[in-house]
Amino acid sequence: MKKVVIVGGGIGGMGVANTLVQKLKNAEITVINKDDYYISGPSRPLILTGEQKYSRILRGYEEVGKSGIKVVVGNVYKIDPANRKVYLSDTTFNSKKELDYDYLVLSPGIVFDGSSISGYERYWWKNTTVYDPGRVNVLKQRLWTAESGSIVIYAPKAPYRCAPAPTETAMLAHTVLTNRGVRDKFKIIHIDANDKTQPPVIADIVKQVYEKAGIQLVINQEITEIGENYVVTKSGERYEYTILAMLEPNRAPKFIEEAGLGSPFAEVRSPQDLRNPKYDDILAVGDAAKLPFPKNQEIAFESSQFAANKILEMEGISEKVPVQYAFVGWAYLGNLEGKLETLSLQFQLDLTKQPPAAAKDPQLKREYTIQKDNWEQAYLTKLFGYKSE
């Protein structure tokens with residue numbers, strides 16, 4: 001019986017697991033996840049406005065267990081590719097385990113790493129983002145209680161998870177403060193290390209909306225220092241803040257680098273062949289993989305299907321699942337009038353073409369916010385086996 005070990009129980013990992021449990025007979029499919037639940041990411045920004053609830057994006061693994069997928073809760077701390085072993089510690093009791101594998105799929109997501117930013121170790125607690133379930137809750141509390149000040153939002157150099165999220169943060173902050181009637185008492189500054197807001201296809205619309213919302217955009221500037229109430233960019237510019245929403249640079253977990261499998265992301269042979277260049281039996285999918293694509297939920301799923309197809313191929317199974325890197329995306333752009341009814345921008349990226357073909361609808365619509373919700377819920381239902389409330 002073939003043993004497939006999947007590190008990470010998010011969209012990428014569960015995409016591989018669900019496909020293989022259906023297509024690869026007489027195989028033992030084990031998913032290792034650091035928690036016994038999963039919280040989806042795409043709609044977390046709407047927690048700021050109260051338009052999303054944790055209960056709708058939270059999933060447990062009990063239903064997938066019915067299909068034969070085994071889920072182990074623990075933290076992977078070491079991989080031994082030469083001997084096909086994964087080492088993990090139990091999250092609760094810190095007991096050590098090791099698992100053997102015939103195929104190893106790396107889909108642990110990314111780590112937010114602020115170690116290159118001076119002062120981060122001391123002032124990390126000043127920072128919030130929409131990416132982490134706890135920190136988005138803190139950001140919400142600060143936005144709904146502060147009476148005046150400056151909000152600094154930061155996007156590091158791409159690639160980073162969920163390209164439009166810094167823009168979404170800025171516009172949802174504007175929405176909340178406008179709804180509270182205190183917007184004129186705040187400055188909102190978006191500092192971006194890239195030459196335009198991400199994804200580039202919607203940067204022109206974002207610029208127009210920012211001008212209407214009175215949001216200051218600073219591009220081509222990396223934050224290199226954080227203080228108790230200020231940040232400093234590489235060029236020496238200083239910006240004061242009372243609320244900070246700084247996305248740290250992204251990287252894969254250290255155990256990937258320590259195993260010689262890639263840095264800062266896991267190396268793959270190509271976007272369609274997600275095997276490690278050194279090892280046929282190790283594949284990487286999702287945000288942890290070094291792919292020339294945006295890091296987001298749909299790419300995580302698409303890459304999971306390419307990985308599953310490659311494993312099926314290596315096992316001599318000709319049947320494959322259809323997959324291609326092309327998708328529709330949505331960016332939350334809040335509500336200029338302060339209504340807690342977010343409008344969104346829809347865009348398309350066809351990454352099967354070179355250069356990638358991009359398009360968008362320049363009109364902000366409430367309908368697109370609902371479409372994004374339906375899309376996210378469909379993924380969660382498909383991969384975790386049940387609908388939300």
Side-chain angles (χ1 to χ4, degrees), residues 1-33 35-38 40-42 57-73 84 86 99-109 266 268-276 279-289 291 296-327 352 374-388:
M1 177 179 287
K2 295 291 184 179
K3 294 181 179 180
V4 181
V5 173
I6 301 166
V7 180
I11 297 300
M14 294 309 299
V16 176
N18 275 278
T19 297
L20 291 184
V21 81
Q22 296 171 30
K23 305 289 186 182
L24 188 61
K25 305 304 179 184
N26 299 317
E28 182 179 281
I29 312 295
T30 302
V31 175
I32 304 171
N33 199 59
D35 300 304
D36 58 2
Y37 59 86
Y38 171 72
S40 185
I57 57 177
L58 178 70
R59 293 293 188 278
Y61 294 94
E62 288 70 21
E63 293 301 315
V64 303
K66 292 179 180 179
S67 67
I69 298 170
K70 181 180 180 181
V71 178
V72 176
V73 179
R84 289 181 165 178
V86 177
L99 296 178
D100 299 316
Y101 64 83
D102 293 294
Y103 296 103
L104 175 63
V105 179
L106 301 173
S107 187
V268 296
R269 299 182 189 186
S270 76
Q272 289 76 36
D273 185 349
L274 297 173
R275 293 177 295 178
N276 184 268
Y279 302 97
D280 286 351
D281 52 5
I282 299 179
L283 304 92
V285 307
D287 294 346
L291 294 170
N296 64 30
Q297 180 168 299
E298 193 150 11
I299 290 296
F301 179 75
E302 298 298 308
S303 64
S304 78
Q305 300 307 283
F306 275 112
N309 280 341
K310 181 56 67 173
I311 292 174
L312 294 173
E313 177 187 307
M314 288 189 286
E315 284 299 301
I317 299 173
S318 59
E319 182 183 3
K320 293 184 177 182
V321 292
V323 56
Q324 64 173 343
Y325 288 116
F327 66 90
T352 65
N374 291 336
W375 162 84
E376 182 179 29
Q377 289 298 316
Y379 268 108
L380 293 174
T381 300
K382 178 178 181 178
L383 296 180
F384 292 87
Y386 66 98
K387 296 181 180 179
S388 69

Has Tyr386 got more than 12 heavy atoms of other residues, nucleotides or ligands less than 6.0 Å from its OH? yes
Parallel, tilted or perpendicular for Tyr38 and Phe384, by the 30°/60° rule? parallel
[X] [atom1] to [Y] [atom2] distance, which is reported to the nearest 0.5 Å:
X      : Y      : atom1 : atom2 : answer
Glu319 : Leu312 : CD    : CG    : 8.0 Å
Glu376 : Thr381 : CD    : OG1   : 10.0 Å
Ile282 : Arg275 : CD1   : CZ    : 12.0 Å
Leu383 : Arg59  : CG    : CZ    : 10.0 Å
Ser318 : Asn309 : OG    : CG    : 11.0 Å
Leu106 : Asn276 : CG    : CG    : 8.0 Å

Derivation of the side chain to side chain contact (heavy atoms under 4.5 Å, CB included) call for Val31 and Val64: CA-CA 11 Å; Val31 175; Val64 303; over 6 Å; no
Where [X] and [Y] come nearest, the two heavy atoms and their spacing:
X      : Y      : value
Trp375 : Glu298 : NE1-OE1, 3.4 Å
Thr19  : Ala308 : CG2-CB, 3.7 Å
Asp280 : Met314 : O-CE, 3.5 Å
Val21  : Ser67  : CG2-O, 3.3 Å
Gly12  : Ser304 : O-CB, 3.1 Å

[Y] and [X], any side-chain heavy atoms less than 4.5 Å apart:
X      : Y      : value
Phe327 : Asn296 : yes
Ile32  : Leu99  : yes
Ile69  : Ile6   : no
Glu62  : Asp36  : no
Asn26  : Lys2   : no
Tyr103 : Leu20  : no
Ile317 : Lys23  : no

Side chain to side chain contact (heavy atoms under 4.5 Å, CB included) evaluation trace for Leu283 with Phe306: CA-CA 10 Å; Leu283 304 92; Phe306 275 112; over 6 Å; no
Could you go step by step and tell me if Lys70 and Glu28 meet the salt bridge (charged side-chain N to carboxylate O under 4.0 Å, His left out) rule? CA-CA 8 Å; Lys70 181 180 180 181; Glu28 182 179 281; 5.7 Å; no
Let me see the working for Val72 and Val5 under side chain to side chain contact (heavy atoms under 4.5 Å, CB included), right down to the final yes or no. CA-CA 10 Å; Val72 176; Val5 173; over 6 Å; no
How far apart are the C-alpha atoms of Tyr61 and Asn33, what are their side-chain angles, what is the distance that settles it, and do they pass the side chain to side chain donor-acceptor pair (under 3.5 Å) test? CA-CA 10 Å; Tyr61 294 94; Asn33 199 59; 3.2 Å; yes
Applying salt bridge (Lys or Arg N to Asp or Glu O under 4.0 Å), can you list everything that pairs with Lys25, at least two apart in sequence or on another chain? none
Can Lys320 and Glu313 be counted as an ion pair, charged N to O under 4.0 angstrom? yes
Would a distance-only check, ignoring hydrogens and angles, find a side-chain to backbone donor-acceptor pair under 3.5 Å from [X] to [Y]?
X      : Y      : answer
Gln305 : Gly15  : yes
Tyr325 : Pro271 : yes
Ser303 : Gly286 : yes

Residues forming a side chain to side chain contact (heavy atoms under 4.5 Å, CB included) with Ser107, sequence neighbours excluded: Val285
Starting from the C-alpha separation in whole Å, work towards a yes-or-no answer on salt bridge (charged side-chain N to carboxylate O under 4.0 Å, His left out) for Asp281 and Lys3. CA-CA 11 Å; Asp281 52 5; Lys3 294 181 179 180; over 6 Å; no
